[in-house]
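Read through the structure below, which is laid out as structure tokens, and then see the notes.
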Amino acid sequence: MKIRLVNNGVFIPVDDIQQALTPPAEGFYWIDADVDDLAVLQPLFMMHDLAVEDCLSDEEQRPKIEIYESHYFIVINSIRFDDEEIFLRAVNLFLGRHFIISVTKQKVSELRTLKPILWEQEVSTPDRLLYLLVDLIVDNYFTVGDRIEARIEKLEEDILMHTKKSHLNEIIGLRSEILWLKKVLGPQKEVINTLNKKDLRLIDDQLQKYFSDIYENAVKISETFETYRDLMGNLREAYQSSIANRANEIMRVFTAITTVFMPLTVITGIYGMNFEFMPELHWKYSYFVVIGLMVTLGLSMFFIFRKKDWI
């Protein structure tokens with residue numbers, strides 16, 4: 001657990017948690033904690049039992065905002081994409097009048113990125129920190145969206161150039177991730193809309209208006225992932241068409257080869273009947289003539305098929 005007094009973007013480490021219970025003369029306290037620290041923090045900051053239970057739960061938490069007498073409890077999901085799977089990491093926030101407590105189970109990159117921004121913008125209020133953190137988290141969805149789009153384009157190119165059976169598994173896996181993520185974006189969008197429109201006494205009225213910009217970005221992200229879902233459907237159709245075309249190409253080649261050998265089979269069949277009275281059997285050059293005829297006939301049919309682009 002790290003306790004900092006933040007004033008005009010300047011961080012002052014605090015060793016005694018009791019100091020954070022009293023509002024400072026200037027600035028606010030930012031407590032960056034993990035779930036194990038909740039046992040100490042809950043009685044000191046009067047955290048509601050249900051909020052603490054949500055933080056400790058192993059189940060995936062739905063983004064939400066809950067309003068209690070002395071603080072707000074906000075859950076928002078940070079996103080991460082490792083080119084194979086999409087991960088969401090819950091950021092649990094307790095917003096008070098003179099403090100903000102962030103509780104996470106895993107490391108969240110936005111919390112590290114936030115520190116220089118606080119210094120640059122000379123932040124001195126916890127609601128301002130909340131706004132900047134939510135803005136960073138939502139902006140990161142655009143970054144992940146760009147990487148997913150690049151993945152879709154690469155997959156489409158691979159399918160068109162050389163279709164493999166493994167491509168179908170990639171399509172199904174990525175489409176499932178996108179569908180799952182889109183379901184999560186709905187409640188997250190509503191949380192941001194609540195921060196934008198609802199009368200919240202712990203958030204400055206002027207600052208609250210800025211959440212509308214974040215909400216617009218959240219709507220764009222939701223629409224973007226809706227587009228990605230449609231693209232994955234088109235990609236699956238392209239895969240199936242490519243497989244069908246490949247099968248047709250193979251069948252066309254086999255058919256052409258069979259057609260070339262059919263007249264040759266007729267000729268060999270005739271001269272393989274072993275009749276005693278066949279004029280050509282006792283001719284000196286009959287073997288060479290028949291072989292020459294077969295070669296000429298086969299090559300002629302081959303070049304005709306090539307000219308018509310059948311093989």
For Leu50 and Phe73, what are the C-alpha separation, side-chain angles and deciding distance, and is it a side-chain contact (heavy atoms from CB on, under 4.5 Å)?
CA-CA 10 Å; Leu50 293 177; Phe73 175 59; over 6 Å; no
Verdict with supporting geometry, Val191 and Ile76, side-chain contact (heavy atoms from CB on, under 4.5 Å)
CA-CA 8 Å; Val191 169; Ile76 192 164; 5.5 Å; no
Apply side-chain contact (heavy atoms from CB on, under 4.5 Å) to the pair Leu136 and Leu114, showing each step before the final yes or no.
CA-CA 8 Å; Leu136 277 176; Leu114 181 64; 4.0 Å; yes
Could you please spell out the steps behind the side-chain contact (heavy atoms from CB on, under 4.5 Å) verdict for Leu130 and Tyr72?
CA-CA 11 Å; Leu130 171 66; Tyr72 301 157; over 6 Å; no
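Rounding to the nearest 0.5 Å gives a distance of 11.5 Å between CE of Met262 and CG of Leu297. Remark: Leu231 CG to Glu153 CD distance equals 9.0 Å, nearest 0.5 Å. Here the straight-line distance linking atom CG of Leu44 with atom CG of Leu38 works out to 11.5 Å at 0.5 Å rounding. One distance of note links SG of Cys55 with NZ of Lys105; it measures 8.5 Å at 0.5 Å rounding. Atom CD1 in Ile148 sits 11.0 Å away from atom OG1 in Thr143 (nearest 0.5 Å). Atoms CZ and CG, from Arg97 and Leu95 in turn, are 9.0 Å apart once rounded to the nearest 0.5 Å.
Under a 3.5 Å cut-off, the side chain of Ser222 and the backbone N or O of Ala218 do not form any donor-acceptor pair. Under the 3.5 Å distance criterion, the side-chain polar atoms of Glu177 are matched with a main-chain donor or acceptor of Ile86. In this structure, Asp135 contributes its side chain and Ile214 its backbone to no donor-acceptor pair below 3.5 Å. A donor-acceptor pair is defined here as one N or O able to donate and one able to accept, closer than 3.5 Å; such a pair exists between the side chain of Asp37 and the backbone of Asp34.
Considering only heavy atoms from C-beta on, Arg89 stays 4.5 Å or farther from Thr104 through its side chain. Leu181 is listed as a side-chain neighbour of Ile79, based on a closest heavy-atom distance under 4.5 Å. Within the 4.5 Å cutoff, the side chain of Asp32 has heavy atoms near those of the Arg4 side chain. You'll find the side chain of Met294 reaches within 4.5 Å of the side chain of Thr268, heavy atoms only. Counting only heavy atoms from C-beta outward, the side chains of Asp139 and Asn217 approach each other to under 4.5 Å. Considering only heavy atoms from C-beta on, Ser124 comes within 4.5 Å of Asn7 through its side chain. Counting only heavy atoms from C-beta outward, the side chains of Leu129 and Phe28 approach each other to under 4.5 Å. When side chains are defined from C-beta on, Val138 counts as touching Ile221, because their heavy atoms get closer than 4.5 Å.
Within 6.0 Å of CZ in Phe261 there are 12 or fewer heavy atoms belonging to other residues, nucleotides or ligands. Heavy atoms of other residues, nucleotides or ligands lying less than 6.0 angstrom from CZ of Arg62 number 12 at most. Counting heavy atoms of neighbouring residues, nucleotides and ligands inside a 6.0 Å radius, atom CG of Asp199 does not exceed 12 of them. Open room surrounds CD on Glu53; 12 or fewer heavy atoms of other groups in view lie less than 6.0 Å from it. Within 6.0 Å of CE in Met46 there are 12 or fewer heavy atoms belonging to other residues, nucleotides or ligands. The number of heavy atoms from other shown groups lying within 6.0 Å of CZ (Phe11) is above 12. Within a 6.0 Å sphere centred on CG of Asp16, heavy atoms belonging to other residues, nucleotides or ligands number more than 12.
Val103 and Leu111 are members of different hydrophobic clusters when ILVMFWY side chains are connected at heavy-atom separations under 4.5 Å. Leu179 and Leu88 end up in different hydrophobic clusters when Ile, Leu, Val, Met, Phe, Trp and Tyr side chains are linked at under 4.5 Å. Cluster membership check: Val266 shares its hydrophobic cluster with Leu293, using side-chain heavy-atom separations under 4.5 Å among Ile, Leu, Val, Met, Phe, Trp and Tyr. Note on Met47 and Ile74: separate hydrophobic clusters, where clusters join Ile, Leu, Val, Met, Phe, Trp and Tyr whose side-chain heavy atoms are under 4.5 Å apart, directly or indirectly. Ile12 and Phe99 fall within the same hydrophobic cluster, defined by Ile, Leu, Val, Met, Phe, Trp and Tyr side-chain heavy atoms under 4.5 Å apart, directly or through other members.
Contact detail for Leu5 and Gly27: the closest heavy-atom pair is CD1-C, 4.5 Å. Between Pro63 and Pro187, the shortest heavy-atom contact is O-CB, 3.9 Å. Shortest non-hydrogen contact noted between Ala33 and Leu41 is CB-CD1, 3.8 Å. Closest non-hydrogen pair, Phe94 versus His71, comes out as CD2-CD2, 3.8 Å. For the residue pair Gly96 and Pro126, the shortest heavy atom distance occurs at O-CG, 3.7 Å. Nearest heavy atoms, Ala20 versus Ile31: CB-CD1, 4.3 Å.
Remark: Glu223 does not engage Lys220 in a salt bridge, criterion side-chain N to carboxylate O under 4.0 Å.
Aromatic ring pairs are classed by plane angle as parallel below 30°, tilted from 30° to 60° and perpendicular above 60°; the pair His98 and Tyr29 is perpendicular. Using cut-offs of 30° and 60° for the angle between ring planes, the Phe211 and Tyr131 rings count as perpendicular. Using cut-offs of 30° and 60° for the angle between ring planes, the Phe225 and Tyr228 rings count as perpendicular.
A side chain to side chain contact (heavy atoms under 4.5 Å, CB included) with Ile65 is found for one member of Leu93, Leu195, Ile192 and no other, namely Leu195.
Listed by chain and number, the residues in a side-chain hydrogen bond (donor to acceptor under 3.5 Å, both in side chains) with Thr224 amount to none (sequence neighbours excluded).
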